[in-house]
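Scope of the values below: all heavy atoms of this structure, side chains included, with no hydrogens, waters or symmetry mates. If you're wondering where the values come from, they're calculated on a predicted model, not measured in any experiment.
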Amino acid sequence: MVLVALAALTLLRYFEVWTALGPDQVRTSDYTSSYVAAQTWRAGDGAHLYDRATQLAGHQALGTSHDALGLSYVNPPLSAVVAAPFSLFGYVTSYRVFALFQLFLLLLAIVIAVRVAPWPRSTPWLFRAGVGLLALAASGTGELLLQAQWDGVEALGLALAYLAWRRGWPGWAGVAIALSFGITKPHLAFGLVAFLIARGERRALGGAIAATGGMVMASILLVGVHGTLAFASAPATSAGVSPLPTMLGFTGLVYSNLQTGMGAEVLVAVGAALAVALAAALGSLSRRDPAKLEIALAGATVLSLLCAPHLLIHDLVVLAPVLVWCVARAEQAVGDRLTSWSEFALMGGWIALSEAALVDVGNAAVGVPGRLVPWLLLVAAAWSVLTTLGSGHRVRRLEAAVAPG
């Protein structure tokens with residue numbers, strides 16, 4: 001298939017660029033902050049994980065590039081604990097191993113989605129694999145490798161939550177979302193939390209609450225009270241590293257079209273609130289009609305990214321398993337002739353999002369239309385909401401028609 005070949009060539013290009021990076025270039029990556037934090041924790045100084053002077057001293061000892069000295073550690077305390085085994089290596093080796101580990105987690109998330117998604121039995125495995133490969137070959141994956149970022153964890157957690165809901169294990173869905181986002185990037189999960197709460201499943205809520213409580217207790221025991229509480233003020237220390245117009249959610253959409261000011265802040269807050277409300281509505285709809293799970297969860301994930309205060313290109317890999325199960329559901333939901341158009345629209349939209357992200361990366365210019373990625377995410381969110389509102393009975397009839405026996 002042409003799709004498989006192009007996706008494979010794209011991935012090979014990512015690896016070619018990544019493997020060609022020299023030690024000095026590697027020391028400009030986002031991973032430097034996690035590596036320094038992990039070393040700080042291993043040294044028994046968890047109370048100063050978020051202390052700027054401690055971080056700068058660690059960066060200087062590491063030989064971090066001047067361009068990366070402004071990178072503060074802003075992940076939750078347990079991220080430093082998770083990264084600690086990787087920090088046993090020298091920095092360059094640690095960077096390589098950690099980046100490959102995150103890529104492996106992303107690949108595992110896509111494989112789970114391919115295996116669990118509701119494909120019609122007539123769908124060839126080559127096509128299913130091709131969709132998975134396309135999901136993996138997005139530009140966010142290349143940035144995930146270059147920066148050795150954490151987003152493979154969230155993608156896997158989302159795929160595991162989807163698996164749990166498909167199998168009727170809502171408690172484990174709550175655990176998967178809480179742990180994967182809570183340990184790494186909780187700011188990406190606002191919409192997903194609203195989705196989970198609105199579904200009204202006691203076991204899912206119980207699982208999420210238990211996992212969150214366990215993370216807090218583990219953080220206090222392993223990092224200490226001071227280090228755990230210091231996380232609350234951590235995001236403010238990196239506010240100037242990534243200018244607001246470079247963000248890819250509502251924040252970037254507003255600030256790349258408007259100058260900073262109270263009006264922009266209000267628009268961002270209103271947009272985020274609407275996104276959370278819509279994610280909750282999708283959760284309620286999917287609870288009443290299980291056939292709407294795929295599209296509703298996809299919409300909640302897109303809305304969750306849109307309302308995130310800090311969203312960059314590598315964070316978009318969270319949507320990779322989402323693409324897979326949406327294409328599978330599209331095959332189930334419509335007739336043969338329309339199926340191809342639905343699939344082309346989904347896959348074409350994914351390619352467009354990947355290309356738009358390349359245009360947007362590092363772009364701090366202010367002026368209409370601003371960043372392109374949030375516009376495409378808005379289109380995806382609108383499609384998810386409208387499709388969820390109208391998909392129910394037709395999907396169930398088609399599933400019954402293709403069911404064995």
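For residues 171-183, no residue pair satisfies the side-chain hydrogen bond (donor to acceptor under 3.5 Å, both in side chains) rule, not counting sequence neighbours. Pairs engaging residues 204-221 under the salt bridge (Lys or Arg N to Asp or Glu O under 4.0 Å) rule: none recorded [sequence neighbours left out].
For the pair Q25 (side chain) and G22 (backbone), a donor-acceptor distance under 3.5 Å is present. Side chain of Y95 to backbone of Y35: no donor-acceptor contact under 3.5 angstrom is found.
Atom NZ of residue K185 and atom NE2 of residue H314 lie 4.5 Å apart, to the nearest 0.5 angstrom. With values rounded to the nearest 0.5 angstrom, L136 atom CG is found 4.5 Å from I110 atom CD1. Atom CD of E16 is separated from atom CG of L9 by 11.0 Å, given to the nearest 0.5 angstrom.
Listed by chain and residue number, F86 satisfy the ring pair (Phe, Tyr, Trp, His ring centres under 6.0 Å) test with F101 (two or more places apart in sequence, or in another chain). Remark: S94 pairs with Y31 by the side-chain hydrogen bond (donor to acceptor under 3.5 Å, both in side chains) rule, at least two apart or across chains. Contacts of W41 classified as ring pair (Phe, Tyr, Trp, His ring centres under 6.0 Å), with partners at least two apart in sequence or in another chain: none. Looking at residues two or more places apart in sequence or on another chain, you find no side-chain hydrogen bond (donor to acceptor under 3.5 Å, both in side chains) involving T40. Remark: W325 pairs with Y162 by the ring pair (Phe, Tyr, Trp, His ring centres under 6.0 Å) rule, at least two apart or across chains. Taking Y91 as the reference, S29 meet the side-chain hydrogen bond (donor to acceptor under 3.5 Å, both in side chains) condition, with sequence neighbours excluded. Take H187 and apply the side-chain hydrogen bond (donor to acceptor under 3.5 Å, both in side chains) test, not counting sequence neighbours, and it matches no residue. For the ring pair (Phe, Tyr, Trp, His ring centres under 6.0 Å) test, no residue two or more places apart in sequence or in another chain qualifies with F190.
Taking the six-membered ring for Trp and thresholds of 30 and 60 degrees, F231 and Y50 have ring planes inclined between 30 and 60 degrees apart.
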Pairs of donor and acceptor atoms involving the side chains of residues 271-284, under 3.5 Å and at least two apart or interchain, shall be tabulated with distances.
| unit_1 | atom_1 | unit_2 | atom_2 | d |
| --- | --- | --- | --- | --- |
| S284 | OG | R288 | NH1 | 2.9 |

Without placing hydrogens or testing angles, list every side-chain donor-acceptor pair under 3.5 Å for residues 211-222, not counting sequence neighbours.
| unit_1 | atom_1 | unit_2 | atom_2 | d |
| --- | --- | --- | --- | --- |
| T212 | OG1 | A208 | O | 2.8 |
| S219 | OG | T228 | OG1 | 2.8 |

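Between F181 and W150, the gap from one ring centroid to the other reaches at least 6.0 Å.
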Check the pair W119 / R329 against side-chain contact (heavy atoms from CB on, under 4.5 Å), numbers first and verdict last.
-> CA-CA 7 Å; W119 302 98; R329 177 55 74 186; over 6 Å; no
Derivation and outcome, side-chain contact (heavy atoms from CB on, under 4.5 Å), residues T54 and Y73 | CA-CA 11 Å; T54 301; Y73 177 69; over 6 Å; no
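The cationic group of R96 lies under 6.0 Å from the six-membered ring centre of W18 and within 45° of the ring axis, placing it in a cation-pi geometry.
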